2 protein chains.
Amino acid sequence: MPPPELSVQPLDSGATFRNQVYRKLKQAIIQMDIYDHPGDVRLDERQLSGLLGVSRTPIREALTLLEQEGLVRLEPRRGIYVVRKTKTEIIEMIIAWAALESMATRLAAERATAEDINMLWDIFRSFEEQAPSDNIQEYSDANIEFHKAIIRLSRARILETLTDNLFIHMRAIRKLSIRQDNRAEQSMHEHRDIIRALERRDGELAERLAREHTLGLAAHVERHGDFLDWLRLAEVRGTDVKAAFKDGLPLM
Amino acid sequence: MPPPELSVQPLDSGATFRNQVYRKLKQAIIQMDIYDHPGDVRLDERQLSGLLGVSRTPIREALTLLEQEGLVRLEPRRGIYVVRKTKTEIIEMIIAWAALESMATRLAAERATAEDINMLWDIFRSFEEQAPSDNIQEYSDANIEFHKAIIRLSRARILETLTDNLFIHMRAIRKLSIRQDNRAEQSMHEHRDIIRALERRDGELAERLAREHTLGLAAHVERHGDFLDWLRLAEVRGTDVKAAFKDGLPLM
DNA sequence: ACATAGAATTTCGTATACCAGATACGCAGC
DNA sequence: GCTGCGTATCTGGTATACGAAATTCTATGT
């Protein structure tokens, strides 16, 4: 007879102020979408302190974390600014993502159960129906969810962690990801092929398809992502950003 | 005539106490090599405060960073402990490393200059001479330097950053990396083949060789890395670790 | 009006004080 | 000697106070 184990949960749940503030700030920064905002976005420790009802100490520690994640930039005695990645940085991040996800896909081909793959088909179908041009945000989020799902099947936590940190910054190119030349449709086909490769347990192929799929996005950004750096210039010069997009650029 | 630009250096150099403490602690933790130490290693904020001559505030912020990097674990109101990775975690990290480095190698094949590749040959030769069995630490460090050099040739900062964070934890398996079955020699051959592929600008091949080389290490750890988890058990039970290695395990 | 020096203010970095959870210790009871 | 309970102590989390660099405002002289 197995011993009657009473396993009590830790229940702490990292509920320190520091962690709470960290999560709240992170969510707020992501939600605001810096790439939709012209100009600098500056955070004030005291203001946040009053806003969140805690002292500056846990706020500073949370900001320290956010800085390491590349979400904010702390300029000593000058201010705290929400970071906007450059085009080059975004492309590098996509490349790193491609590297990690292709490896994850290889592992997934070995480790995923039949049920796991059914789940992928479910996700695939669920946003196959959805017209991408309608709701960019939802489409983009669903897209990322698909990739996250595959990575999860690798059963390698570190790959999840590392890519999660990268995905945060993919909001920068949301509007780009479904631009003309039927990227959306092509993307879907590639997703389908990846799942099929997983189904056939062809790790080699699945890995290659995943890599090429994501590197394709990198190339797309390389061609059409110049607006990312314009945002920075506009910010410095104080120009109205909206105007800069009048001449045929993707924003909206 | 070029404009007479006067570019003044930032000169701040991140010399805040927080950053200084961060670097010092990181170096100290890495140097001590937790995997050589039996038992828990606990850090005391107040003690560090006295030791380093600064207040607890910058120390706490530095520890926050180290926690995020996975070097220490902060247990609220219980203590701060240097982290020891499990075998599974180490293997996952090697896999992530393989993913990032193989991608970097692919890029390097496109971007590296002839001079860059000569530098790789230099590094290669410099530790070809060195007998690996003599000085494990030096051999291991040189080995990692080689990999860092290749990654640097990708000209993708993010790949450097991400892998640097992974390499920190590779000290865990230093003693393992040159165990019997002439891994050292085989490793050297593989390094040579990677450089040759880069020389021929064969990105596809270089990527595959780099991936297989590093995944080989993962497999090696999978087979012979059980001692990593024993360390944890020994720690919990308070057993003398050295004894556990008597029966033929790699340590030393 | 404009330029400028200097004071007042803002803002982050650091030090210190206080609090509550967790542990260790010791005493009482058996 | 062992168990259980309560208190003292330790430790990290949080709040507050202080300091110095950077910016802004203002008054003054031209």
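Values reported hereafter were calculated over all heavy atoms of this structure, with side chains retained and with hydrogens, waters and symmetry mates removed. By convention in this document, chain letters (A, B, ...) are assigned in the order of the sequence lines, proteins followed by strands, and residues within each chain are numbered from 1. In this text the structure is predicted, and so the values were computed from the model without any measurement.
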TODO: Please work out which residues in residues 58-72 of chain B have a non-hydrogen atom less than 4.0 Å from an atom of DNA chain C and list them by number.
DONE: B/P58
TODO: For DNA chain C, determine which residues of residues 49-57 of chain B have any heavy atom closer than 4.0 angstrom to one of its atoms, and list them numerically.
DONE: B/V54, B/S55, B/R56, B/T57
Task: Listed once per pair and sorted, the ring pair (Phe, Tyr, Trp, His ring centres under 6.0 Å) pairs that draw on residues 59-95 of chain A, sequence neighbours left out - done: none
Can you name the residues that form a side-chain hydrogen bond (donor to acceptor under 3.5 Å, both in side chains) with [X], not counting sequence neighbours?
| X | answer |
| --- | --- |
| B/Q47 | none |
| A/T64 | B/R18 |
| B/Q68 | none |

TODO: At under 4.0 Å between heavy atoms, which parts of nucleotides 6-11 of chain C does protein reach? Answer with one letter per nucleotide, 5' to 3': B base, S sugar-phosphate only, - none.
DONE: -----B
Taking atom [atom2] of [N] as reference, at what distance in whole Å does atom [atom1] of [X] sit?
| X | N | atom1 | atom2 | value |
| --- | --- | --- | --- | --- |
| A/Y81 | D/dA22 | OH | P | 13 Å |
| A/F17 | C/dG21 | CZ | C1' | 14 Å |
| A/E75 | D/dA20 | CD | C1' | 17 Å |

Residues in side chain to side chain contact (heavy atoms under 4.5 Å, CB included) with [X], at least two apart?
| X | answer |
| --- | --- |
| B/I144 | B/K148, B/F167, B/M170 |
| A/R111 | A/L107, A/R155 |
| A/A96 | A/L166, B/L100, B/I158, B/L159, B/L162 |
| B/R56 | B/E45, B/R46, B/S49, B/R60 |

TODO: Decide yes or no on side-chain contact (heavy atoms from CB on, under 4.5 Å) for A/H37 and A/D33, but give the supporting numbers first.
DONE: CA-CA 7 Å; A/H37 268 255; A/D33 202 342; over 6 Å; no
Open item on the list: Which residues pass the ring-ring contact (aromatic ring centres under 6.0 Å, His included) test with A/H147, not counting sequence neighbours?
Closed with: A/W97, A/H191, A/H213
